[in-house]
Number of protein chains: 2
Amino acid sequence: MITNKAKYALKALTILARHSKQQFSAQQIAEEGNIPHKFLETILSELKNRKLVVSRRGSSGGYVLAKDPDEITAGDVIRMMDGPIAPLLCASPTGYRRCEDCEDEELCAIRKMMMDSRKALSSVLDKRTLKDLAKFGR
Amino acid sequence: MITNKAKYALKALTILARHSKQQFSAQQIAEEGNIPHKFLETILSELKNRKLVVSRRGSSGGYVLAKDPDEITAGDVIRMMDGPIAPLLCASPTGYRRCEDCEDEELCAIRKMMMDSRKALSSVLDKRTLKDLAKFGR
DNA sequence: CCTTTATCCTATAGAATTAATAGGAATTTG
DNA sequence: CAAATTCCTATTAATTCTATAGGATAAAGG
Ligand code: FES
Ligand code: FES
């Protein structure tokens with residue numbers, strides 16, 4: 001399960017991708033996506049620090065995607081907000097951490113399964129870009 | 001990410017699958033799997049209520065799988081311990097709940113992607129049985 | 001029957017994470 | 001200068017996670 005934070009980030013970025021190149025304020029995004037305004041602000045701030053969006057302050061300011069919509073994947077976004085997508089850290093390439101309780105991880109059947117799971121998840125999330133999300137539905 | 005509870009449950013059941021038909025005490029499982037003993041007890045208790053294991057009290061008591069190892073999937077176990085495997089409840093067949101913030105879920109691109117993710121995850125977790133886990137490695 | 005070894009049950013508690021909100025400083029436009 | 005907006009730092013309430021504690025209940029074996 002992903003957090004609201006990650007879901008909201010995906011929604012916000014998808015909205016920005018739909019209105020490509022236009023300045024869009026947090027307020028506008030919050031309304032269009034039904035996202036709590038102040039919460040969204042902190043999320044956008046993080047996305048800005050991570051260079052996914054560019055911001056402009058002041059009246060008629062707002063946010064714009066920092067890259068092409070097809071250069072940002074859902075996997076990128078989820079990892080930024082929630083951390084690794086692998087079900088266990090011992091199966092994560094990006095956030096690997098050893099399981100204290102497993103003696104030999106090479107022989108761990110659960111880890112092996114979780115690596116397959118991660119791969120399956122990745123085959124969806126790391127292939128779906130904001131462009132894909134933006135063009136479907138509403 | 002899954003919880004320790006789910007991971008420990010998988011480990012415990014895999015251990016039971018390896019020693020098929022033998023009574024195995026919580027103590028023995030805890031040692032073999034490096035699982036905190038008291039925590040494991042509560043987990044086994046839950047697995048018993050859910051009819052995955054059968055228990056026998058008293059001296060020389062312990063736990064045995066209630067079904068054939070190939071009749072219990074990793075997906076079953078994880079859902080019991082952690083709930084739905086879908087990344088969002090709006091994409092979960094087993095634990096469906098509407099997203100308050102999305103107006104029309106049929107047109108929601110994120111939901112669609114999460115349904116694909118769930119399916120991908122399911123294609124691993126719902127096909128891997130305790131038998132599969134038991135026969136690999138140690 | 002008594003001791004040992006287990007499961008079983010209920011409660012508790014600290015830590016971490018999540019999901020926000022608050023309040024105001026800094027900046028830009030017109 | 002006024003209005004709109006991002007930016008920054010804290011704080012909080014609720015929930016979930018990860019266990020541990022302590023004892024009641026039951027079975028086996030001598
Ligand atoms: S090594 Fe992580 S579950 Fe065994
Ligand atoms: S319906 Fe759940 S994310 Fe849109």
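Please read all numbers here as calculations on a predicted model, not as lab measurements. Order of the sequence lines fixes the chain letters, A, B, ..., with proteins taken first and strands second; residue numbering starts at 1 for each chain.
A straight line from CE of M81(B) to P of dT16(D) spans 16 Å, rounded to a whole angstrom. Summarising the geometry, the separation between CD1 on I35(B) and P on dT18(D) is reported as 13 Å, rounded to the nearest angstrom. Separating the CD atom of E46(A) from the C1' atom of dA20(C) is a distance of 14 Å, rounded to the nearest angstrom. Residue I2(B) contributes atom CD1, which lies 18 Å from atom P of dT16(D) at whole-angstrom precision. The distance from atom CD1 of I43(B) to atom P of dT7(C) is 14 Å, rounded to the nearest whole Å. One interatomic measurement links the two molecules: CD of Q23(B) to P of dA27(D), which rounds to 13 Å at whole-angstrom precision. Taking atom CD1 of residue I29(B) and atom C1' of nucleotide dT7(C), one finds them 12 Å apart after rounding to whole Å. At whole-Å resolution of the value, CG in N34(B) and P in dA19(D) are 12 Å apart.
Both F39(A) and G58(A) sit near DNA chain C, but only F39(A) has its closest nucleotide nearer the 5' end. Mapping S59(B) and S60(A) onto DNA chain D via the closest heavy atom, the residue that lands nearer the 5' end is S60(A).
The backbone N or O of A134(B) sits less than 3.5 Å from a side-chain atom of R18(B), completing a donor-acceptor pair.
A pairwise comparison of heavy atoms in K21(B) and V64(B) identifies CA-CG1, 4.0 Å as the closest pair. Across all their heavy atoms, I85(B) and R79(B) have their closest contact at CD1-NH2, 3.3 Å. The two residues A91(A) and R118(A) come nearest to each other via the heavy atoms O-CD, 3.3 Å. The minimum heavy-atom distance between K7(A) and D101(B), with the atom names listed, is NZ-OD1, 2.9 Å.
Within the 4.0 Å cut-off from OP1 or OP2 of dA19(D), at least one side-chain nitrogen or oxygen of Y8(B) is found.
For E32(A), the side chain to side chain donor-acceptor pair (under 3.5 Å) test picks out H19(A), with sequence neighbours left out. Residues passing the side chain to side chain donor-acceptor pair (under 3.5 Å) test with T3(B) are D82(B), sequence neighbours excluded.
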- prompt: Which nucleotides of nucleotides 8-18 of chain C have their base under 4.0 Å from a protein heavy atom (B), which only their sugar-phosphate (S), and which neither (-), written as one string 5' to 3'?
  reply: BB--------S

